[in-house]
Amino acid sequence: MSKINASDAMLKVIEAWGVKNIYGLPGGSFDSTMNAIYNRRDTLNYVQVRHEEVGALAAVGEAKVTGKIGVTFGSAGPGAVHLLNGLYDAQYDHVPVLALIGQVPTFNMNTHFFQELNENPMFEDVSVYNRTAMTAEQLPAMVDEAIREAYAKKGVAVITIPKDLGWTEIEDNYVSTAKWFQTPMPIQPNPESIEKAWDILKNAKHPLIYIGQGSRGAREELLTLAHMIKAPIMSSALGKGIVPDNAPEYMGASGRVATKPGVEAAQNTDAVLFLGSDMPFQGFFIPKDAKYIQVDIDGAKFGRRHSVDLAIQADAKATVEALIEIGEDLPETPWYRANLKNKANWMEWLNKRADIDSSPLAVEAVFKEINAMATDDAIFQTDVGNVTIDAFCLLDMSKNQQFSTSGWYATMGYGLPASIGAKAYYPDRQVWSISGDGGWAMVFPDVLTQVKYNQHVINVVLTNKSLGFIEAEQDDTKQPHSGVDLIGADFGAAASALGATGFDVDNVKDLKEAFQKAQEVDGPVVINANIANDRPLPVEQLKLDPAVAGEEAVKAFTETYQTDGLIPLTHFLKDEEN
């Protein structure tokens, strides 16, 4: 039997699971694995990043758009610590990631050696599997087990590898279990529960379908059910793109990362079919007395966010299919028509905003250019802050585009690293990163990574010289602005100095020229759009109906947020009912 270094044997297992890319930055404690990465350079693509956090977030960004495990690594001590931000994002958004962690040699462990940390406790909270290798022979089996656990539990697996073990020769006889791993079959709903759900939806005056990530792959079925029961559809922010944005019945989301028609539909519903989401804020916007049907594969989530009238532990798509099978076309209702009109009114207002020619730029004008340039299968990796609100409201994902952000963990600096991961896996697809100037400044040196690998990523930076999301929170709680002002920077020029093609734009003419040139160049592009520091419309605090808010409040709200032309849902509903 032939011999092989344990690190090489470990990487063979990783490859057996279909992994294409591994992201990280070398360190002395990781040299045996780096040697193995070099040995396997023809079958495993190493992406060298400039910061371990970027490597972890790149692996997460790849996992979110592929559904496959992302792999990252860090050396002992600071390299390992830097991974945590990305790993927590994976844990919170339930994506499979494997982290390989360097450790000092076994003969130096537990002696307060240079860069030695007791790393297991540090990763215990963030992981579904967290082990330190004790022998070289067990490394391939540990990696196999770690990847199985990461997939099965949709989380982070961590393996700590003492330096000397990776160099040890072992028998080259391990056979990975990857070929036998199977995704569990969808859980089918109980027929009696489907009958009860249909009865609730059929008798509701204001039915609503609310979808989350558990509804992925059910686009046509969801639209069919919405047409049958004459209900608008809403999604969580992470569910953007499950149904097309241009579907008339898709209202967007509710809460703060939301749309006006979404907020108003949620506020006025009397029955909700809640599919495959654990959206944490639903108790704030769905009426407490609304009938609530919760569908999830995880029974532990039932009733966590809202009182439940009917719990169905089943796959979301299978549940929708079962409802379609027993259901019938219901007549159109004033509720359904009012929501369609409300959505059309919202889109008309947004389109007018997109035609504003100003300096600094209106953010809607920037997204108009993004939508015009985006391909049918574009991938949008979006950062955290006001940019999340703007992207959710303004990106047109009506084809087969993909959207991801740091959802539950909400870490700034997500967009750029995640775009590196998406482009590494899908080199022939159009990939965007969209960031505010706050998040961008945290990670932008890794434009060098995009340059090194000639990744044609279009990076859009929305520079408003403020931590706008936090500024709005300070406004809402009547605090003075503190710590939210940012000095401006020519991020386009800075990107050009790093080897990318950069643009700094202040007006629509230069904006259009930058987007045109972005299509003509190779390698990464950075378009730094200087936008007005205007708060995204606070749709969670709408004051548009004088009967509810009073004339003066409506007038003040309209003047502050320039909402002329926006009409409340209650107006359309009254018209339809009369």
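Computed from a predicted structure; not experimentally measured.
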Closest approach of Asp93 and Thr405, non-hydrogen atoms and distance? OD2-O, 3.5 Å
About how many Å separate CG of Leu310 and CZ of Phe274, when rounded to the nearest 0.5 Å? 14.5 Å
Checking the side chain of Gln313 only, and the main-chain atoms of Ile297 only, is there a donor and an acceptor separated by less than 3.5 Å? yes
Could you tell me whether Glu192 atom CD has more than 12 heavy atoms of other residues or ligands within 6.0 Å of it? no
pair Lys240-Leu395: side-chain heavy atoms closer than 4.5 Å: yes
Can you name the side-chain hydrogen bond (donor to acceptor under 3.5 Å, both in side chains) partners of Thr463, sequence neighbours left out? Asn528
Without hydrogens or angle criteria, can the side chains of Asn464 and Ser466 be said to hold a donor-acceptor pair below 3.5 Å? no
Can you list the residues that meet the salt bridge (charged side-chain N to carboxylate O under 4.0 Å, His left out) rule with Glu348, with sequence neighbours excluded? Lys352
I'd like to check Leu467 versus Leu486 (side-chain heavy atoms, cut-off strictly below 4.5 Å). Are they in contact? yes
Quick one about Ser406 and Tyr92 (side-chain donor to acceptor, distance below 3.5 Å, no hydrogens or angles considered), yes or no? no
Kindly write out the residues that satisfy side-chain hydrogen bond (donor to acceptor under 3.5 Å, both in side chains) with Asp475, not counting sequence neighbours, or none if the list is empty. His481
Taking the six-membered ring for Trp, are Phe285 and Phe281 ring centroids under 6.0 Å apart? no
Residues at least two apart in sequence or cross-chain that pass ring-ring contact (aromatic ring centres under 6.0 Å, His included) with Trp349, listed by chain then number, are Trp346
In short, Met279 meets Ser236 closest at the heavy-atom pair CG-CB, 4.2 Å
Please tell me if the side chains of Phe469 and Arg256 come closer than 4.5 Å, counting only heavy atoms from C-beta onward. yes
Inspect the contact between Glu577 and Lys205 and indicate whether a charged nitrogen and a carboxylate oxygen are less than 4.0 angstrom apart. no
Distance-only donor-acceptor pairs under 3.5 Å for side chains of residues 373-380, two or more places apart:
residue : atom : partner : partner atom : Å
Thr375  : OG1  : Asp377  : OD1          : 3.2
Thr375  : OG1  : Ala378  : N            : 3.4

Ala218 backbone acceptor or donor facing Lys317 side chain under 3.5 Å: no
Contacts under 3.5 angstrom, residues 193-201 side chains, donor-acceptor by atom type, not counting sequence neighbours:
residue : atom : partner : partner atom : Å
Asp199  : OD1  : Asn203  : ND2          : 3.2

Contact summary for Ser235 and Ala253, nearest pair of heavy atoms: O-CB, 3.0 Å
Residue list, side-chain contact (heavy atoms from CB on, under 4.5 Å) with Leu394, at least two apart or on another chain: Leu350, Val363, Glu364, Phe367, Asp390
Pairs meeting criterion side-chain hydrogen bond (donor to acceptor under 3.5 Å, both in side chains) with involvement of residues 434-443, two or more places apart: Asp383-Ser435
State whether Glu264 and Lys260 are salt-bridged, where the test is any N-O pair (Lys NZ or Arg NE/NH1/NH2 against Asp/Glu carboxylate O) under 4.0 Å. yes
Pairs meeting criterion ring pair (Phe, Tyr, Trp, His ring centres under 6.0 Å) with involvement of residues 315-341, two or more places apart: His206-Trp335
Just checking, is any N or O donor in the side chain of Asp545 or Thr570 under 3.5 Å from an acceptor N or O on the other one? yes
Using modelled atom types only, decide if a donor and an acceptor are shared between the side chain of Asp504 and the backbone of Ala493 within a distance under 3.5 Å. yes
Quick one: closest heavy-atom pair of Pro287 and Ala266, and the distance? CD-O, 3.0 Å
Does anything in residues 287-302 pair up under side-chain hydrogen bond (donor to acceptor under 3.5 Å, both in side chains), and if so which pairs, sequence neighbours excluded? Gln282-Tyr292
Does any non-hydrogen side-chain atom of Glu53 lie less than 4.5 Å from one of Met442? no
Would a distance-only check, ignoring hydrogens and angles, find a side-chain to backbone donor-acceptor pair under 3.5 Å from Ser359 to Asp506? yes
Looking at Gln402 and Val65, would you say the former's side chain and the latter's main chain have a donor-acceptor pair under 3.5 Å? yes
Residues which pass side-chain contact (heavy atoms from CB on, under 4.5 Å) with Thr558, listed by chain and number, not counting sequence neighbours: Val554, Thr563, Asp564
Val508: which of Asp357, Ile356, Val366 passes side-chain contact (heavy atoms from CB on, under 4.5 Å): Asp357
Side-chain donor or acceptor of Glu249 paired with backbone N/O of His227 under 3.5 Å: no
Within a strict 4.5 Å, meaning less than it, do heavy atoms of the Trp408 and His94 side chains meet? no
Minimum heavy-atom distance Ser419-Trp432, with the two atoms named: CB-O, 4.1 Å
Do Leu330 and Glu328 come within less than 4.5 Å of each other through their side chains, counting heavy atoms only? yes
Does any donor atom in the side chain of Gln562 or Asp534 lie under 3.5 Å from an acceptor atom in the other side chain? no
Where do Gly327 and Met228 come nearest, in terms of heavy atoms and distance? C-CE, 3.3 Å
Return yes if some donor-acceptor pair links the side-chain N/O of Lys230 with the main-chain N/O of Pro331 below 3.5 Å, else return no. no
Would you check if Leu273 and Leu323 make a side-chain contact, meaning some heavy-atom pair closer than 4.5 Å? yes
Backbone of Val320 reached by a side-chain donor or acceptor of Glu221 within 3.5 Å: no
Apply ring-ring contact (aromatic ring centres under 6.0 Å, His included) to Tyr88 and list each qualifying residue two or more places apart in sequence or on a separate chain. Tyr409
Any side-chain donor-acceptor pair under 3.5 Å between Ser433 and Asn459? yes
For the side chain of Asn351 and the backbone of Met347, is there at least one donor-acceptor N/O pair under 3.5 Å apart? yes
With the side chain counted from C-beta on, respond yes when Met234 and Thr259 share a heavy-atom pair under 4.5 Å apart, and no when they do not. no
Under 3.5 Å donor-acceptor, Asn339 side chain and Pro232 backbone: no
